[in-house]
Participant: 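I'd like to ask you about the structure that follows.
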Amino acid sequence: MNTKDIIIFGKTSILAQNFVKNLKNSKTNLIYITRKQTSKNDILCNLGENLTKYEINETVSKIVENTQYQDKIAILFAWYGGPRNKDNISDSSLKNINIVKNFINICKKINPSQIIFISSAGAIYPQNINYNFKEIDITAPSNKYGEEKLKGELLLKNFADDLKFNLIILRVSSAYGYDPRFSDQGVINKWIYSIKNNKKIQLYNSQSSLINFISFDQISEAILLSIEKKLYGIFNIGTHRSITLHEIIEQIRLVTKKKIDYVMINNYQRNFNINVDKFHKKTGRIFRLNVINDIDRIYRLIMKN
C-alpha cells in the first residue's frame with residue numbers, strides 16, 4: 001500500500017479496531033475521529049450530533065494538522081444501534097443521519113481520494129427466499145437498522161455522484177470474531193457464553209436457517225483490498241457460501257463437549273444468502289467459509305475470559 005492518510009471515523013467500532021490491528025504498513029498514517037477519546041492523538045468529535053459549521057471546521061483543522069500525506073482515505077465505521085424490529089422506537093435514526101451528513105461535510109473539505117462506507121448486507125436484502133442476492137437486486141430492509149443503512153448509502157451516493165467522489169459501499173454479511181471489549185458480541189459468542197454459564201441458547205430462527213458468516217479478519221482484508229484496488233461502487237462482502245444454524249450448533253456441541261439445550265423464541269426460516277462474484281472479479285479474492293474452524297478458537301478465548 002502506498003503512503004497515505006487513512007481517516008477512521010468511529011475508532012471504537014469492533015470492525016475499526018480489527019482493521020487497524022491488521023494494518024501493518026508503517027507508511028500509513030492513521031487519523032482517528034471519535035466521540036470517546038481514548039488517546040491524546042484522537043480527534044474528539046461526536047458525529048451523531050447536529051454539528052455547526054464552526055465544529056465541522058474545527059474537526060477539519062485538526063485532521064489537516066495530523067495529515068502526513070496528500071492521499072487520503074476516509075472510512076465511515078461509526079454507527080448507532082444494531083439490528084432491531086421495525087416498530088422499535090429509537091432515536092438512532094436522527095443520530096445516524098447526522099453521522100452521514102457530518103461525514104459528508106468533512107469529506108467536502110478534506111477531499112479524500114476514496115470514501116468507504118461500511119454498510120450491512122444482512123439487514124437490507126430479503127431473507128424469505130433462498131436466493132443469492134447481487135448488488136443490483138432489490139433491497140427490503142428487515143428492521144430499522146437496515147432502513148438507516150440504506151438511507152446512509154443513498155445520501156453518500158448522491159453526494160459522491162454530484163461532486164465526483166470515489167465512493168465504495170461495502171455491504172458486509174454477518175460478522176463474527178472475538179474482541180475482548182465485547183466478547184459476547186454476535187450470535188456465536190452469545191451461544192458459547194450461554195453454554196459456559198449452563199444456560200439454554202436462544203433461537204430466533206429455525207435451525208435450518210441459512211446465514212452468511214464472515215470473520216472480522218476477512219472484513220479487514222476486504223477493506224484493504226478495496227483501497228489497494230481503488231474500487232468504487234457497491235460490493236457484497238461475505239463468504240463463498242452460507243451455513244445452517246444447525247451446523248453451527250453441532251460444531252459448538254463438539255467443541256464444548258456439552259449437551260446443548262435451547263429455547264425456541266421464533267421458528268422463522270431465515271435465508272441470508274449473498275452473491276460475492278463482483279468483489280471476486282475485481283480483486284481476485286474469494287473468502288472461504290471458516291466459521292466452523294474458528295468456533296474452537298473463539299471458545300478457547302471466551303473460556304479464558
Participant: For atom NZ of K196, decide whether the heavy atoms of other residues, nucleotides or ligands shown that lie under 6.0 angstrom number more than 12.
Facilitator: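 Yes, the 6.0 Å shell around NZ holds more than 12 heavy atoms from other groups.
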
Participant: Establish whether I219 and I295 are linked, either directly or via other cluster members, by ILVMFWY side-chain heavy-atom contacts under 4.5 Å.
Facilitator: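 No: no chain of side-chain contacts under 4.5 Å links I219 to I295.
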
Participant: Do the rings of Y125 and F133 sit parallel, tilted or perpendicular, given the 30° and 60° boundaries?
Facilitator: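 Taking F133 first and then Y125, their aromatic rings lie parallel (interplane angle under 30°).
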
Participant: For the pair F19 and F77, name the ring-plane relationship: parallel under 30°, tilted 30 to 60°, perpendicular over 60°.
Facilitator: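 Judged by the thresholds at 30° and 60°, the geometry between F19 and F77 is tilted.
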
Participant: Could you tell me the separation between the OG1 atom of T28 and the OH atom of Y69, rounded to the nearest 0.5 Å?
Facilitator: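 Spacing of OG1 (T28) from OH (Y69) equals 7.5 Å.
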
Participant: Could you give me the CA-CA distance, side-chain angles and deciding distance for I7 and I43, then say whether side chain to side chain contact (heavy atoms under 4.5 Å, CB included) is met?
Facilitator: CA-CA 10 Å; I7 308 163; I43 297 174; over 6 Å; no

Participant: Would you find more than 12 non-hydrogen atoms of other residues, nucleotides or ligands less than 6.0 Å from R300 atom CZ?
Facilitator: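 At most 12 heavy atoms, drawn from other residues, nucleotides or ligands, come within 6.0 Å of this atom.
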
Participant: Tell me if a side-chain donor or acceptor on K149 pairs with a main-chain N or O of I118 at a distance below 3.5 Å.
Facilitator: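 Yes; at least one donor-acceptor contact below 3.5 Å.
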
Participant: Answer yes or no: are there more than 12 heavy-atom neighbours, outside I138 itself, under 6.0 Å from its atom CD1?
Facilitator: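 It does not: I138 CD1 has 12 such atoms or fewer within range.
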
Participant: Keeping Q269 on the side-chain end and S206 on the backbone end, is there a donor-acceptor pair under 3.5 Å?
Facilitator: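 No; judged by distance alone, with no hydrogens or angles, the pair does not exist.
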
Participant: For the atom pair CD (Q114) and CD1 (I168), what is the distance rounded to the nearest 0.5 Å?
Facilitator: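 Taking CD in Q114 and CD1 in I168, the distance rounds to 6.0 Å.
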
Participant: If you apply the rule salt bridge (charged side-chain N to carboxylate O under 4.0 Å, His left out), what do you find for K151 with E148, and how did you get there?
Facilitator: CA-CA 5 Å; K151 287 179 183 177; E148 291 164 17; over 6 Å; no

Participant: Whether the side chain of N197 engages the backbone of K199 through a donor-acceptor N/O pair (distance < 3.5 Å, no angle test) should be reported.
Facilitator: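 No; judged by distance alone, with no hydrogens or angles, the pair does not exist.
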
Participant: Main chain of E49, side chain of N102: is a donor-acceptor contact present, judged purely on distance under 3.5 Å?
Facilitator: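 The answer is yes, because a donor-acceptor pair under 3.5 Å joins these two groups.
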
Participant: Rounded to the nearest 0.5 Å, how far apart are CZ of R35 and CG of D42?
Facilitator: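 The CG atom of D42 is 13.0 Å from CZ of R35, to the nearest 0.5 Å.
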
Participant: Take K109 and I63 through the test side chain to side chain contact (heavy atoms under 4.5 Å, CB included) and record every step on the way to the result.
Facilitator: CA-CA 10 Å; K109 293 179 179 292; I63 291 173; over 6 Å; no

Participant: Give the cluster check for L44 versus I106: same hydrophobic cluster or not, with ILVMFWY residues linked at side-chain heavy-atom distances below 4.5 Å.
Facilitator: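 No; I106 is not reachable from L44 via cluster members.
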
Participant: Take atom NZ of K258 as the centre, draw a 6.0 Å sphere, and report whether it contains more than 12 heavy atoms from other residues, nucleotides or ligands.
Facilitator: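 More than 12 within 6.0 Å, yes.
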
Participant: Can you check whether I243 reaches Q251 side chain to side chain, under 4.5 Å on heavy atoms?
Facilitator: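 SC-SC contact between I243 and Q251 ruled out.
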
Participant: Within the supplied structure, the quantity of interest is the number of heavy atoms (other residues, nucleotides, ligands) at a distance under 6.0 Å from Y232 OH; does it exceed 12?
Facilitator: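 Not buried by this count: 12 neighbours or fewer within 6.0 Å.
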
Participant: Quick check against the 3.5 Å criterion: does S194 have a side-chain atom that pairs as donor or acceptor with the backbone of I201?
Facilitator: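 Flag not set: sc S194 to bb I201 has no pair under 3.5 Å.
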
Participant: Is the backbone of F272 close enough, under 3.5 Å, to the side chain of N212 for a donor and an acceptor to pair up by distance?
Facilitator: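 Here the side-chain-to-backbone pair does not exist.
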
Participant: Side chains of K11 and Q17: closer than 4.5 Å at any heavy-atom pair?
Facilitator: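 Sidechains of Q17 and K11: in contact.
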
Participant: Give a yes or no on whether K278 atom NZ has more than 12 heavy-atom contacts from other residues, nucleotides or ligands under 6.0 Å away.
Facilitator: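 Buried by this count: over 12 neighbours within 6.0 Å.
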
Participant: Quick check: does any side chain N or O of D5 sit under 3.5 Å from a backbone N or O of Q68, one acting as donor and the other as acceptor?
Facilitator: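 Such a contact is found between D5 side chain and Q68 backbone.
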
Participant: Any side-chain heavy atom of D294 sitting closer than 4.5 Å to one from I188?
Facilitator: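 D294 does not reach I188 side chain to side chain.
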
Participant: Using only atom types and a distance under 3.5 Å, with no angle test, would you say the side chain of N98 pairs donor to acceptor with the backbone of G48?
Facilitator: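 Flag set: sc N98 to bb G48 pair under 3.5 Å.
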
Participant: Look up atom CD1 in I223 and atom CG in L15, then write down how far apart they are to the nearest 0.5 Å.
Facilitator: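 Reported value, rounded in 0.5 Å steps: 6.5 Å.
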
Participant: When you compare the side chain of S226 with that of L170, does any pair of heavy atoms fall below 4.5 Å?
Facilitator: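 Yes, at least one pair of side-chain atoms sits under 4.5 Å.
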
Participant: Find out whether Y262 and W191 are in side-chain contact, i.e. whether some heavy atom of one side chain is under 4.5 Å from a heavy atom of the other.
Facilitator: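 No. Closest side-chain heavy atoms not under 4.5 Å.
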
Participant: Do I260 and I195 have side chains that approach each other closer than 4.5 Å (heavy atoms only, starting at C-beta)?
Facilitator: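 With C-beta onward as the side chain, the pair touches.
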
Participant: How far does CD of Q185 sit from CD1 of I14, to the nearest 0.5 angstrom?
Facilitator: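 Result: 4.0 Å between the selected atoms.
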
Participant: Checking the side chain of E221 only, and the main-chain atoms of N22 only, is there a donor and an acceptor separated by less than 3.5 Å?
Facilitator: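 Looks like no, no N/O pair under 3.5 Å.
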
Participant: Determine whether I104 and L156 make a side-chain contact, defined as any pair of heavy atoms from C-beta on separated by less than 4.5 Å.
Facilitator: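 A side-chain contact exists here, since the closest heavy-atom pair is under 4.5 Å.
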
Participant: ring-ring contact (aromatic ring centres under 6.0 Å, His included) with F117: which of W79, F103, F9?
Facilitator: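 Exactly one pass, corresponding to W79.
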
Participant: With a 4.5 Å heavy-atom cut-off, do F213 and S173 have their side chains touching?
Facilitator: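 Sidechains of S173 and F213: no contact.
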
Participant: Please check this pair: side chain of N18 against backbone of D179, looking for a donor-acceptor N/O pair closer than 3.5 Å.
Facilitator: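 It does not hold such a pair.
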
Participant: I would like to know whether Y176 and I298 meet side chain to side chain contact (heavy atoms under 4.5 Å, CB included); could you show each step before the answer?
Facilitator: CA-CA 9 Å; Y176 74 90; I298 294 171; 3.8 Å; yes

Participant: Is the shortest distance from a Lys or Arg side-chain nitrogen in E65 or K62 to a carboxylate oxygen in the other one below 4.0 Å?
Facilitator: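 No, this pair does not count.
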
Participant: Does I97 share a hydrophobic cluster with F159, counting links as ILVMFWY side-chain heavy atoms below 4.5 Å and allowing steps through other members?
Facilitator: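 Shared cluster, yes.
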
Participant: What's the separation between atom NE2 in H280 and atom CZ in R285, rounded to the nearest 0.5 Å?
Facilitator: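 That separation rounds to 9.5 Å.
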
